[in-house]
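Single-structure report; data block below.
In listed order, ligands and their atoms are each counted from 1.
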Amino acid sequence: MAVQQRPVLVVGAGPAGFGAALALRSRGLPVTVLEAEQADRVRPGSRALFVHQESLRLLDKASPGLAARIVAHGAVWPTKRTFFRGREVFARTYPPAGGDRLPRFTSLRQIETEKHLHAACLDAGVDIEWGARAETVTTDANGVSLRTADGRDWRAQYVVAADGAHSVVRKQIGITWEGTRSEGFHVVVDVLDDSMPLERVFHYRHPALGGRNVMRVPFAGGFQVDLQCGPDDDADRFASPDGVERWLPKVVDAKYAEQVVWISKYHYLHVVARSFVDSNNRVLLVGEAAHLFPPFGARGMNSGFADGAAAADAVESALESGSSKAIKDFDHDRGVAARFNSEAARLALSHMRPTSALMKLRQEAAATLSPVIPWMGSWLEHAPYGPRTGATASGKY
Ligand SMILES: Cc1cc2nc3c(=O)[nH]c(=O)nc-3n(C[C@H](O)[C@H](O)[C@H](O)COP(=O)(O)OP(=O)(O)OC[C@H]3O[C@@H](n4cnc5c(N)ncnc54)[C@H](O)[C@@H]3O)c2cc1C
């Protein structure tokens with residue numbers, strides 16, 4: 001079979017791959033996406049909801065009108081509440097965004113966001129090859145040779161690797177990652193029912209759940225509940241459908257237990273690739289192929305969009321100039337952004353899962369004093385998401 005020649009290949013049709021493909025097309029480059037799965041696949045639920053305003057801007061720049069379509073199908077929750085052992089310690093309702101401005105964020109299930117990205121890619125003329133699993137990848141000074149599991153050989157000047165947490169491309173080019181895995185696990189449940197008020201609720205040490213933390217996040221048409229379990233918790237007791245049916249009515253009305261559409265159990269990792277490009281500066285890693293963060297602060301998918309836009313800039317520049325400088329800059333800049341996000345997510349998690357007696361004491365004291373010292377309630381509200389800025393990147397993105 002003849003080798004399929006392309007200037008740029010994107011590996012992986014998840015949000016990072018679609019985002020990169022759109023950014024490349026907006027720069028006039030032909031793009032082929034190689035996706036391991038078939039077009040009629042079922043994507044996992046209980047993943048990203050929160051799309052930041054910066055991501056909406058980036059996506060709209062690549063595909064004008066895309067942000068408006070995503071926003072039209074998303075929800076913005078105006079109210080945030082925080083509870084500590086059953087008592088409210090923080091509540092705030094924000095005014096809606098005025099005029100035609102993009103909202104600060106929008107919330108919809110990742111599978112819905114992906115549908116909009118996929119449609120935008122088709123409109124933009126992105127070629128998507130379904131059932132094309134990247135298996136072997138080698139690079140040299142002039143480009144990348146890639147073989148897919150269906151036996152086809154591909155040759156590209158550049159490859160954007162967006163093949164997710166188990167990235168074959170990253171492994172093939174010999175890049176490892178470093179980081180840690182959080183203690184315990186989280187059970188994340190998607191409920192499809194739009195009768196719940198649009199409020200994001202975080203509950204520290206819920207008394208009805210044996211003192212476990214639980215968070216409820218609205219999305220368009222329903223809400224997600226994240227239950228934080230300890231290292232010694234029995235996964236079956238909390239993550240099985242029967243288990244969820246038992247604990248969910250302790251945090252929301254029992255009727256919602258019948259509207260559960262997806263249950264996932266996660267061990268959160270925070271890891272960052274040691275390099276974001278291969279030694280020949282021909283493969284650029286984006287999204288979860290390059291980094292994994294716990295979801296608090298919504299840095300995963302959002303920073304994947306920023307990676308994709310930065311990769312498109314770098315590839316365009318390298319193709320025009322014939323120099324690898326832009327690829328090296330990509331490596332540096334996205335590495336800095338990922339390490340920032342990783343540290344922010346680590347801070348958020350250390351607040352969610354305090355290991356030091358001092359932190360536990362500070363949280364207890366803040367909860368007790370919050371009625372008279374409101375900033376303490378505010379601290380309990382904000383700390384589980386890490387620092388506010390830099391959610392997607394450093395510098396340009
Ligand atoms: C509970 C939870 C909540 C989250 N909430 C948020 C949030 O609110 N906001 C946020 O920004 N992020 C959030 N995230 C993170 C977000 O879900 C991920 O960052 C995002 O899915 C990563 O996208 P990706 O495109 O890099 O990888 P993926 O979504 O994993 O996509 C990778 C794609 O590559 C394909 N593939 C794999 N191997 C190959 C191969 N060898 N060849 C070809 N194709 C291949 C896969 O089939 C898939 O289509 C959350 C995650 C979890 C678990």
[X] versus ligand 1: do any nitrogen or oxygen atoms come within less than 3.5 Å of each other?
X	result
Gly287	no
Val188	no
Arg133	no
Ala134	yes
Val168	no
Tyr268	no
Pro15	yes
Glu35	yes
Gln224	no
Gly164	no

State yes or no: do [X] and [Y] share one hydrophobic cluster built from I, L, V, M, F, W and Y residues joined by side-chain heavy-atom distances below 4.5 Å, directly or via other members?
X	Y	answer
Ile111	Val188	no
Val31	Val169	no
Val8	Phe276	yes

[X] contact mode with ligand 1 (heavy-atom cut-off under 4.0 Å):
X	answer
Val11	side chain
Tyr266	side chain
Ala165	neither
Gln110	side chain
Leu34	backbone

Using a 4.0 Å cutoff against the non-hydrogen atoms of [X], which atoms of ligand 1 qualify?
X	result
Ala162	32 (C), 33 (C), 34 (O)
Gly12	33 (C), 34 (O), 35 (C), 44 (N)
Ala13	33 (C), 49 (O)

| said: Atom NE2 of residue position His332 - does it have more than 12 heavy atoms of other residues, nucleotides or ligands inside 6.0 Å? | reply: no
| task | For residues Phe185 and Phe238, establish whether the separation of their ring centroids is below 6.0 Å. | result | no
| Can the ring centroids of His52 and Phe50 be said to lie less than 6.0 angstrom from one another? | yes
Could you check whether any heavy atom of [X] sits closer than 4.0 Å to an atom of ligand 1, since that is the contact criterion I want to use?
X	answer
Glu135	no
Ala132	yes
Ser46	yes
Arg41	yes
Phe18	no

| field | atom 44 (N) of ligand 1 - nearest protein heavy atom and its distance | value | Ala36 N, 3.1 Å
| message | Show, in sequence, the C-alpha distance, side-chain angles and deciding distance for Glu183 and Arg353, and conclude whether the salt bridge (Lys or Arg N to Asp or Glu O under 4.0 Å) test is met. | response | CA-CA 8 Å; Glu183 290 255 290; Arg353 293 181 175 276; over 6 Å; no
| Given Gln157 and Val315, is the side chain to side chain contact (heavy atoms under 4.5 Å, CB included) satisfied, shown in steps? | CA-CA 9 Å; Gln157 283 167 277; Val315 167; over 6 Å; no
| Check: Ser240/Asp242 side-chain N/O donor and acceptor closer than 3.5 Å | no
